[in-house]
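Take a look at the structure below.
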Number of protein chains: 2
Amino acid sequence: MQPLPPAESLTQRLADSGLRATPQREVVYSVLLRKRDHPTAEEVFARVKSELPTISLATVYNCLETLVQCELVRAVNFERSPTRYCPNLRPHAHFHDDQTGRTYDIDLPPAVLAEVNQVLPAGFDASSVEITFRGQARPAS
Amino acid sequence: MQPLPPAESLTQRLADSGLRATPQREVVYSVLLRKRDHPTAEEVFARVKSELPTISLATVYNCLETLVQCELVRAVNFERSPTRYCPNLRPHAHFHDDQTGRTYDIDLPPAVLAEVNQVLPAGFDASSVEITFRGQARPAS
DNA sequence: ACCTTATTTGGAATAATTCCAATTCCAAGT
DNA sequence: ACTTGGAATTGGAATTATTCCAAATAAGGT
């Protein structure tokens, strides 16, 4: 079990960007933290509804986008399937199980990250790198 | 300049999969080989039209899908933007320039690929890995 | 309280892709 | 050559995820 980010970081991060901590944003974020199974926007929508029955799908998209902007959440894209959302802030790759469709986080040691960045020729300045595996998973844990 | 794959490999690969070498498939493939700028399906459609004015967009999608199945072409996805197509068969990553939108191939040495695969815990069996950089490019060549 | 701006909302619009049913095209067997 | 069955193509409709938009609501600073 990894340490979770402190709960107050949302309000903090939003404030840093001059944004407000609304109930919608808080619930969307808490839903992501509660069940870290890389839900789609629709899935987040369904989960948030039980707490905020009148929230709209557009708002869920807005909140998710805001959280991504604040760097509290990562948007994960796999092929052409709907975007999934991930509150894991540690450097990690994603593993997509072709059979089950489940997505797993794979921690990336700094050394590997460094080596991957080495492959860039002069003149290429990367602001981010995304590593995605596909295959079959039979995770131990 | 890298060696191009032999021209006859299309017919060969298709036959291997029990598929036919149609004019549409040939022209779509040749268009990809001729200008390797990671075009979208719409862009391929536009280029193919000059040679086959009556081809339909659906056929372009079909042909591209077929080429991907035959492993002659890779489908490249960036965020939510349209899929791009790439006939480079060497192991390589992609670099997406945020300013220009251009995509560059970055060769991946086998050693790096090996190290990246090392990060997978026991029980994860990857059939492929996708590495994508985003940032700013000022390529030497 | 008031004003200004941020945020939310529902519905319409968009964009990329896929689906579908109707031809058309081949290739193999007679 | 002629048929025939499956493959491939075609145009258009449908789907899906997401974004856009304009109106309504909420919230913080004065």
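It should be emphasised that the depicted structure is a prediction, and the values quoted were computed from it without experimental measurement. Below, read A as the first sequence line, B as the second, and so on, with proteins coming before strands; counting in each chain starts at 1. In what follows, every heavy atom counts, from backbone to side chain, and hydrogens, waters and symmetry copies are set aside.
We find that CZ of A/F78 is positioned 16 Å from P of D/dA17, with the value rounded to whole Å. Rounded to whole Å, atom C1' of D/dT15 lies 13 Å from atom OH of B/Y61. Remark: P of C/dT17 and CD of B/E65 are 11 Å apart, rounded to the nearest angstrom. B/E42 places its CD atom 10 Å from the C1' atom of C/dT17, with the value rounded to the nearest Å. One interatomic measurement links the two molecules: CD of B/E79 to P of D/dA17, which rounds to 18 Å at whole-angstrom precision. For the pair B/E43 CD and C/dA15 C1', the interatomic distance rounds to 14 Å; values are reported in whole Å. One atom, CG of B/N77, and another, P of D/dA17, lie 15 Å apart when rounded to the nearest Å. B/N62 has its CG atom 9 Å from the C1' atom of C/dT18, to the nearest Å.
Defined by atom type and a distance below 3.5 Å, a donor-acceptor pair is present between the side-chain atoms of A/R80 and B/T83. With no hydrogens or angles considered, a side-chain donor-acceptor pair links B/H92 and B/H94 at under 3.5 Å. A donor and an acceptor atom, one from each side chain of A/R74 and A/N88, are nowhere located under 3.5 Å apart.
OP1 or OP2 of C/dT9 sits under 4.0 Å from a side-chain N or O of A/Q24.
Summary of the strand contacts: B/R20 and B/S81 both lie near DNA chain C, and taking for each the nucleotide with the nearest heavy atom, the more 5' one is attributed to B/S81. Each of B/S56 and B/L19 lies near DNA chain D, and the nucleotide nearest B/L19 is the one positioned closer to the 5' end. Take the nearest nucleotide of DNA chain D for B/T22 and for B/R80: the residue whose nucleotide is more 5' is B/T22.
Residue contacts for B/T83: at a heavy-atom cut-off of 4.0 Å it reaches the sugar-phosphate backbone alone, with no base atom in range. The residue B/T54 sits close only to the backbone: its heavy atoms come under 4.0 Å of sugar-phosphate atoms, none of a base.
Clustering ILVMFWY residues whenever any of their side-chain heavy atoms sit less than 4.5 angstrom apart, transitively, puts B/V76 in a cluster other than the one holding A/V129.
Relative ring orientation between A/F78 and A/H96 is described as parallel, the plane-to-plane angle staying below 30° on a 0-90° scale split at 30° and 60°.
Closest approach to the B/R25 side chain among D/dA8, C/dT8, C/dA16 is made by D/dA8 (side chain taken as heavy atoms from C-beta onward).
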